[in-house]
Amino acid sequence: MTGYVAYECLHKKRKLGLNTTSIERLEKEIKAGKFTTYNITIDDLQDIEILNNRKRLGKGELSAIVFAQKTRQAFLTDDKKARKLGNDVLGSENVQTTPHLVGYCFYKRHLLDGDFNILIQEHTSTLSGSWGNLSPYFQEAYEYSLKIHLMEKQT
């Protein structure tokens, strides 16, 4: 993740009463060495396409798109405007969403069938007004991963 994304996730002031479970999990994973923070430079942000099409995105989304472009990695977002700019800059095959990640985790068996209801319960209990409910998309991704497994067994 970029330094600015780390700041937004871990240090930026938030509304009182916010569920801190996700923050605590991220801190634990960072300490375990599963995440690395990378800084981007002003030169990295000067990309003309990024500047011309920034669509009033936050600094976190912009820094993540620039980082993905610079390192030729996929960009993960659930922000519709960021996804559109990411598609324009990186190509749609390099832009992913949380439901994509969920489907991949079920496909690779990092998450098992018994984890699905827990995932939905955790997601719906921590819904923020701006995030929206991704449960239907999680369901679709989960079912698609099952379909792929079934097709693989038949071949």
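Everything numeric here is computed off the predicted structure, so don't read it as measured data.
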Y137: ring pair (Phe, Tyr, Trp, His ring centres under 6.0 Å) partners, not counting sequence neighbours:
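Ring pair (Phe, Tyr, Trp, His ring centres under 6.0 Å) check on Y137 returns nothing, list empty.
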Ignoring hydrogens, what is the shortest heavy-atom contact between [X] and [Y]? Give both atom names and the distance.
| X | Y | answer |
| --- | --- | --- |
| T37 | G3 | CG2-CA, 3.4 Å |
| A64 | V5 | CB-CG2, 4.4 Å |
| S145 | G103 | CB-O, 3.6 Å |
| F75 | A82 | CE2-O, 3.6 Å |

Applying the 4.5 Å side-chain criterion to the ILVMFWY set and letting contacts propagate, would [X] and [Y] be lumped into a single cluster?
| X | Y | value |
| --- | --- | --- |
| F106 | L134 | yes |
| I65 | L76 | no |
| Y142 | Y104 | no |
| L85 | L90 | yes |
| I120 | L111 | yes |

For [X], the rest of its hydrophobic cluster, which grows through side-chain links under 4.5 angstrom:
| X | value |
| --- | --- |
| L112 | none |
| I148 | Y107, Y144 |
| Y7 | Y4 |

Side chain to side chain contact (heavy atoms under 4.5 Å, CB included) partners for [X], two or more places apart:
| X | value |
| --- | --- |
| K13 | none |
| A141 | none |
| Q73 | F67, T71 |

Please report the interatomic distance [atom1]([X]) to [atom2]([Y]), rounded to the nearest 0.5 Å.
| X | Y | atom1 | atom2 | result |
| --- | --- | --- | --- | --- |
| H110 | L101 | NE2 | CG | 9.5 Å |
| E61 | T2 | CD | OG1 | 10.0 Å |
| E140 | K147 | CD | NZ | 10.5 Å |

Got a list of side-chain donor-acceptor pairs under 3.5 Å for residues 23-34, not counting sequence neighbours?
from	atom 1	to	atom 2	distance (Å)
E24	OE2	T20	OG1	3.2
R25	NH1	E122	OE1	3.3
R25	NH2	E122	OE1	3.4
R25	NH2	E122	OE2	3.2
E29	OE1	K34	NZ	3.4

Please list all pairs passing the salt bridge (Lys or Arg N to Asp or Glu O under 4.0 Å) test where one or both residues lie in residues 1-12, with sequence neighbours left out.
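Those involving residues 1-12 do not exist here.
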Taking the side chain as everything from C-beta on, heavy atoms only, tell me whether F35 gets closer than 4.5 Å to M1.
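A side-chain contact under 4.5 Å exists here.
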Check salt bridge (charged side-chain N to carboxylate O under 4.0 Å, His left out) between R109 and all other residues, then give those that pass, not counting sequence neighbours.
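With neighbours one apart ignored, the set is D113.
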K70: which residues meet the salt bridge (charged side-chain N to carboxylate O under 4.0 Å, His left out) condition with it, sequence neighbours left out?
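With neighbours one apart ignored, the set is D44.
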Side-chain donor-acceptor pair under 3.5 Å between N133 and S135, yes or no?
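Yes - a donor-acceptor pair under 3.5 Å links their side chains.
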So does D88 pair up with K84, basic N to acidic O under 4.0 Å?
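Yes, charged N to carboxylate O under 4.0 Å.
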Inter- and intrachain pairs under side-chain hydrogen bond (donor to acceptor under 3.5 Å, both in side chains), touching residues 90-100, at least two apart:
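side-chain hydrogen bond (donor to acceptor under 3.5 Å, both in side chains) check on residues 90-100 returns D78-T98, T97-H100.
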